[in-house]
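Just so you know, ligand 1 is whichever comes first in the structure, and atom 1 is the first atom listed for that ligand. Quick note: numbers below take in every heavy atom, side chains included, and nothing from hydrogens, waters or symmetry partners. It should be emphasised that the depicted structure is a prediction, and the values quoted were computed from it without experimental measurement.
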Amino acid sequence: MLKFACKDTGVDCDFVATGETVEEIKEKAFAHAGVVHAEILNSMTDEQKADLAKTLEANIKAV
Ligand SMILES: [Zn+2]
């Protein structure tokens with residue numbers, strides 16, 4: 001199983017996404033961010049969002 005913790009990207013948040021594939025994790029993480037971190041996302045440029053997606057991917061761990 002794969003796991004992603006929101007706090008690994010430097011955000012003070014206890015959200016953890018789990019799933020079988022990277023795509024599944026990314027989907028869950030962005031759905032979460034769109035609700036809980038909407039303010040951060042809205043203040044980001046497309047370039048910063050692309051960086052965030054990379055950071056997210058780099059922080060997905062096998063558990
Ligand atoms: Zn979060």
K49, NZ atom: more than 12 neighbouring heavy atoms under 6.0 Å: yes
Within 6.0 Å of NZ in K28, more than 12 heavy atoms from elsewhere: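 Enclosed.
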Under 4.5 Å side-chain linkage, directly or through intermediates, the cluster mates of V63: M1
For E27, salt bridge (Lys or Arg N to Asp or Glu O under 4.0 Å) partners two or more places apart: none
Closer than 2.8 Å to the Zn ion (ligand 1) - protein N, O or S atoms, ordered by chain and residue number: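 Protein N/O/S atoms under 2.8 Å of the Zn ion (ligand 1): C6 SG, C13 SG, H32 NE2, H37 NE2.
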Pairs touching residues 33-44 that satisfy side-chain hydrogen bond (donor to acceptor under 3.5 Å, both in side chains), sequence neighbours left out: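 Found H32-H37.
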Separation between CZ of F4 and OG1 of T9, rounded to the nearest 0.5 Å: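 So the gap between those two atoms works out to 4.5 Å.
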